[in-house]
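What follows is one structure encoded as structure tokens, with my remarks underneath.
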2 protein chains.
Amino acid sequence: MKKENLSNTHNDIKKLLKKHNLKMTPQRAAIYNEIVGSKEHPATVKIFKKVREVFPNISFDTVNRTLSTFVDIGLIKSVEYSGESRRFDPNTKKHHHFICVKCGRIIDFESREFDNLNIPEDIKKRYEVLEYKVTIEGICDRCKK
Amino acid sequence: MKKENLSNTHNDIKKLLKKHNLKMTPQRAAIYNEIVGSKEHPATVKIFKKVREVFPNISFDTVNRTLSTFVDIGLIKSVEYSGESRRFDPNTKKHHHFICVKCGRIIDFESREFDNLNIPEDIKKRYEVLEYKVTIEGICDRCKK
DNA sequence: CTACAATTAGGAATCATTCTTATTTAAGAT
DNA sequence: ATCTTAAATAAGAATGATTCCTAATTGTAG
């Protein structure tokens, strides 16, 4: 019997929510059930539509708010830095980014090592690789104070 | 005297635009002047406001459209995969992403090598690093056909 | 079981982006 | 220099994503 079977899931989230002084609600359970195991990195609308099938009255706001909550407590992750407005970079030379998770500041940096990584063979075989970069997330000097 | 002084800029863009059958306009020049040399990875609204100071009648649409054009011809880059809706990942284990630039599909992959990169010393010194990941951009198997 | 604080639904509001259309303009040809 | 025309622009409407507001509901501690 596997350690993490579905019957444990509910209690696991409940525990995690409790740790953050948050309540377990049927909506939260439904949203979690929808997203867990999903391999397709769904957008909020997609999750909303799916959850609506089993929870016809749930509002978009609830789904959206709940997803943010889940990200805050580390239950799921938000992919990349999407969701904000598009931002531009006049620097077209190869470089990498440090992004401050507090203020959103994006700082360029260069690294010989990062410029010369070996792309995994199975990726190169299956897909056409155009470019890659390393993105470091953290807290910038200004926000540390 | 530096090679790339400002007087060349105008002609350089003009040449690049021409290569793509696009016209040089004062709006495009103003937008480029605003973004070039900018270290802060500005969002569209910010660029719009700045350009408006010297070009009071320019529309937001023009700025936005022009920025997309600049990205298309490789004059600037769009940072990360922002601009779309937020997308979520229930996989909180360390992993990396391949993003298809055609369909936007995000594919997880794991790599021992990528998991153990050496973060540059000056980054570690100046900022608090929380995590990092490698993002590969390219064309996925479905879109290659 | 009760009370209270947290959570929810629903709709309005906000923000970013794109579309539509009429007008203007850049740039090659005369 | 002027003409021609395809491309680009301004302005506002439309769309899409997200967040805010408020009243009603619900989970949970006591």
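Here is the naming used below: chain letters follow the sequence lines, and residue numbers restart at 1 for every chain.
- Applying a 4.0 Å cut-off to non-hydrogen atoms, the residues of residues 43-63 of chain A that approach DNA chain D are A/Thr44, A/Phe60, A/Asp61, listed by residue number.
- Both the sub-6.0 Å distance and the 45° axial angle are satisfied by B/Lys94 relative to the ring of B/Tyr132.
- Put simply, CG on A/Leu17 is 20 Å from P on C/dA5, counting in whole angstrom units.
- When all heavy atoms of A/Ser85 and B/Ala43 are compared, the closest pair comes out as OG-CB, 3.3 Å.
- Base engagement by A/Arg65 is indicated by at least one non-hydrogen atom pair under 4.0 Å involving a base atom.
- A donor-acceptor pair shorter than 3.5 Å cannot be found between the side chains of A/Arg65 and A/Ser68.
- When side chains are defined from C-beta on, B/Leu67 counts as touching B/Ile35, because their heavy atoms get closer than 4.5 Å.
- Here the P atom of nucleotide C/dA6 and the NE2 atom of A/His20 are 16 Å apart, to the nearest Å.
- When the C1' atom of C/dT7 is taken as reference, atom CZ of A/Phe70 falls 13 Å away, rounded to whole Å.
- Contact check for A/Asn91 versus B/Ile76: no side-chain heavy atoms found under the 4.5 Å cut-off.
- In this structure, the NZ atom of A/Lys23 is 13 Å from the P atom of C/dC4, given to the nearest Å.
- For the ring pair (Phe, Tyr, Trp, His ring centres under 6.0 Å) condition, the pairs that include at least one residue of residues 33-53 of chain A, sequence neighbours left out, are A/His41-B/His97, A/Phe48-A/Phe60.
- Contact between the side-chain N/O atoms of B/Arg28 and the OP1/OP2 oxygens of D/dA8 is found at a separation under 4.0 Å.
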If you restrict it to nitrogen or oxygen atoms, what contacts under 3.5 Å exist between nucleotides 13-15 of chain D and the protein, and what is each distance?
none

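- Nearest-nucleotide assignment on DNA chain C puts the 5′-proximal partner with B/Asn64, out of B/Thr25 and B/Asn64.
- A sub-4.0 Å separation between OP1 or OP2 of C/dA26 and a side-chain N or O of B/Gln27 is absent.
- Rounded to whole Å, atom P of D/dA8 lies 12 Å from atom CE of B/Met24.
- The distance between atom CZ of B/Arg86 and atom C1' of C/dA16, rounded to the nearest whole Å, is 15 Å.
- Here the straight-line distance linking atom CG of A/Asn21 with atom CD1 of A/Ile73 works out to 11.5 Å at 0.5 Å rounding.
- Across C/dT25, C/dA16, C/dG28, the shortest atom-to-atom separation from the side chain of B/Lys18 is found for C/dG28.
- Atoms CG and CG, on B/Asp115 and B/Leu117 in that order, are 8.0 Å from each other to the nearest 0.5 Å.
- Within the 4.5 Å cutoff, no side-chain heavy atoms of B/Met24 are placed close to those of B/Tyr32.
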